*Asks:* 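Let me begin by handing over the structure; questions about it come next.
The basis for the numbers below is simple: all heavy atoms, side chains too, and nothing from hydrogens, waters or symmetry mates. Here is how names work: the chains are called A, B, and so on, in the same order as the sequence lines, proteins then strands, and each is numbered from 1. No experiment lies behind these values; they were computed from the predicted model shown.
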Protein chains: 2
Amino acid sequence: MAENATSARPALTRGRACAAGVALADVEGIDAVSMRNLAARLEVSPMALYKHVRDKEDLLGGMIDIVIASYDTPRPGVDWKQGVRARILSARRALLQHPWARRVIEASTTRTPTVLAYMDSLAGMFMAGGLSVDLTHHAMHALGHRIWGFSPEAFDDPDALAVPDDPAEQEAMLRHVSETYPHILAIALGNTDASGAPGSGCDEQSEFEFTLDLLLDAFDRLHAAGWSSRQTVLRS
Amino acid sequence: MAENATSARPALTRGRACAAGVALADVEGIDAVSMRNLAARLEVSPMALYKHVRDKEDLLGGMIDIVIASYDTPRPGVDWKQGVRARILSARRALLQHPWARRVIEASTTRTPTVLAYMDSLAGMFMAGGLSVDLTHHAMHALGHRIWGFSPEAFDDPDALAVPDDPAEQEAMLRHVSETYPHILAIALGNTDASGAPGSGCDEQSEFEFTLDLLLDAFDRLHAAGWSSRQTVLRS
DNA sequence: CAGCCTAGGTGTACGATGTAAACCTGTCAA
DNA sequence: TTGACAGGTTTACATCGTACACCTAGGCTG
């Protein structure tokens with residue numbers, strides 16, 4: 001496979017396709033990212049893209065990965081709260097640079113490893129700060145879209161981690177997940193339903209009410225403390 | 001206009017079209033709601049829909065309105081916190097019955113009067129409880145998607161309330177808004193930018209950081225208080 | 001070296017989508 | 001009686017994602 005040859009076309013690859021998608025979406029909006037349009041930018045036939053990308057959703061997933069890759073990596077040695085705060089604000093900066101990303105993330109159904117890795121890393125920061133698995137779980141839910149634009153329901157979405165039928169494959173997958181996303185796994189195993197069985201997905205309703213009450217109580221407290229105009233958050 | 005005549009077709013209207021859209025989305029998913037498909041359900045030619053609906057986005061807006069109309073109305077006489085809580089949980093119930101609604105609301109760019117009215121009503125509940133305009137504003141941002149699936153950024157989105165060019169129309173619009181959405185107006189007027197000019201849209205970044213710190217502090221407090229497993233929220 | 005395999009690119013074609021434009025038709029107001 | 005017009009139809013177009021068949025040039029194996 002002649003990589004560069006003479007032509008000005010530097011060999012199509014999945015990475016180049018997704019990067020071109022990001023660039024195109026940045027300047028012309030996400031609607032301009034059609035397979036035909038993107039192929040034209042790459043001076044390639046539309047169907048050529050399908051040799052490197054399963055379908056359009058896969059392409060969009062790759063574009064999201066590029067955005068996530070631009071997040072700051074966690075700085076070690078800082079307090080968990082400062083660390084999480086800096087990380088999330090960095091994610092926000094990246095999302096502001098790519099306004100289309102928020103909607104794409106929300107619409108996408110499958111989570112790529114990059115997405116899972118980011119979530120795992122964030123969960124790990126809470127746990128490294130000493131928060132329990134349950135409290136970390138609550139915090140991830142409460143932060144929700146604040147993390148980057150969609151609530152981290154991959155913990156519960158059955159599509160997020162497709163479990164194979166073959167027990168042998170299950171075993172292999174479990175090992176892989178436990179090595180790669182240990183914190184996510186801890187949260188998943190911590191989940192119990194009414195029957196007490198672990199790994200049964202979290203109780204969305206009580207998660208929702210937990211954060212709702214947390215917020216309402218917080219504003220009640222601010223109100224009672226006489227908070228009335230623009231001030232910094234009470235840090236007591 | 002023979003309304004019923006002999007045919008079994010009870011006259012097409014915007015309301016019937018949107019209601020049929022809701023029913024269709026409920027049983028076959030939002031992707032099944034195409035103009036052609038919907039028209040077929042109504043035993044009508046696809047283009048007939050356009051006599052009652054501007055375009056597809058308008059149709060989806062009408063569908064959302066139907067969902068919102070199914071929310072519980074606020075019960076008078078209860079504490080603001082209980083009232084808001086009940087209202088939001090009711091909204092959640094409605095959204096769970098129409099799983100497609102969340103994505104549609106997130107994707108829609110224009111806010112219908114029904115949407116604005118709901119937001120205004122909710123803001124009014126905070127203010128009736130004695131919260132200041134600013135604090136209400138923060139609370140609406142913090143609750144964000146929890147209200148129904150999208151953060152209430154209609155306060156800031158310039159597209160949300162298109163300001164006409166003609167000064168006379170501006171005047172009329174201002175009067176109309178002040179009568180119809182008084183609480184939203186109060187929040188909008190409360191916004192000041194760096195130059196101190198009111199009505200200039202809120203500072204998204206500081207809103208974001210406000211809620212972020214609120215949540216991080218809340219979890220820090222829970223952590224420090226020894227919260228480690230499933231308990232009810234500390235209500236102190 | 002011959003030959004085949006395959007990764008990677010092309011062209012064509014299909015069904016679906018939203019909707020613009022022109023047209024038809026029955027009902028009510030003047 | 002005569003429009004006007006609300007409401008429904010037909011046709012047509014551009015665009016979309018992508019299935020399918022095809023071509024072609026290296027690199028590997030015999």
*Asks:* Nucleotides 11-15 of chain C: which of its N/O atoms have a protein N/O under 3.5 Å away?
*Replies:*
from	atom 1	to	atom 2	distance (Å)
C:dA13	N6	A:R36	NH2	3.4

*Asks:* Would you check if B:L49 and B:L42 make a side-chain contact, meaning some heavy-atom pair closer than 4.5 Å?
*Replies:*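 Heavy-atom side-chain distance check passes, below 4.5 Å.
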*Asks:* Side chain of A:A48 only, please: which of C:dT19, D:dT9, C:dT10 is the nearest?
*Replies:*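 So the side chain of A:A48 is nearest to C:dT10.
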*Asks:* Let me confirm one number: the CG-CZ distance from B:L60 to B:R103, rounded to the nearest 0.5 Å.
*Replies:*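 B:L60 atom CG to B:R103 atom CZ measures 12.5 Å (nearest 0.5 Å).
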*Asks:* Measure the distance from CZ on A:R16 to P on C:dG8 and round it to the nearest whole Å.
*Replies:* 14 Å
*Asks:* Please state how far atom CG in A:D31 lies from atom P in C:dG18, giving the value in whole angstrom units.
*Replies:*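 Going from CG in A:D31 over to P in C:dG18 covers 14 Å.
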*Asks:* Without decimals, in angstroms, what is the distance between B:R14 CZ and D:dA6 C1'?
*Replies:*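 In whole Å, D:dA6 C1' and B:R14 CZ are 17 Å from each other.
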*Asks:* Could you tell me the separation between the CD1 atom of A:I30 and the C1' atom of D:dC16, rounded to a whole number of Å?
*Replies:*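 Interatomic distance, CD1 of A:I30 to C1' of D:dC16: 14 Å.
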*Asks:* Given D:dT18, D:dG8, C:dG9, identify the nucleotide with an atom nearest to the side chain of A:H52.
*Replies:* C:dG9
*Asks:* So how far is it from B:M63 CE to B:L38 CG, rounded to the nearest 0.5 Å?
*Replies:*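 Those atoms lie 8.0 Å apart.
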*Asks:* Of the non-hydrogen atoms in A:V53 and A:D55, which two are nearest, and what is the gap between them?
*Replies:*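 Distance-wise, the nearest heavy atoms are CG1-O, 3.0 Å.
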*Asks:* Quick one, B:H52 and B:L59 - any side-chain contact, counting heavy atoms below 4.5 Å?
*Replies:* no
*Asks:* Please list, chain by chain and in numerical order, all residues satisfying side-chain contact (heavy atoms from CB on, under 4.5 Å) with A:I66, sequence neighbours excluded.
*Replies:*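 Residues passing side-chain contact (heavy atoms from CB on, under 4.5 Å) with A:I66: A:C18, A:A19, A:V22.
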*Asks:* What integer distance in Å separates A:L49:CG from C:dA7:C1'?
*Replies:*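 Interatomic distance, CG of A:L49 to C1' of C:dA7: 16 Å.
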*Asks:* Roughly, in whole Å, what's the span from NZ in A:K51 to P in D:dT18?
*Replies:*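 Going from NZ in A:K51 over to P in D:dT18 covers 15 Å.
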*Asks:* Between B:Y50 (OH) and D:dT10 (C1'), how many Å, whole number?
*Replies:* 15 Å
*Asks:* Hey, does B:K56 reach any base, or is it just sugar-phosphate, or nothing, if we go heavy atoms under 4.0 Å?
*Replies:*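 Touches sugar-phosphate only.
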*Asks:* Quick one: A:D58 CG to D:dT18 C1', roughly how many Å, whole number?
*Replies:* 14 Å
*Asks:* From the options C:dG8, D:dG17, C:dT19, select the nucleotide whose nearest atom is closest to the side chain of A:S34.
*Replies:* D:dG17
*Asks:* Residues in salt bridge (charged side-chain N to carboxylate O under 4.0 Å, His left out) with B:D72, at least two apart?
*Replies:* B:R93
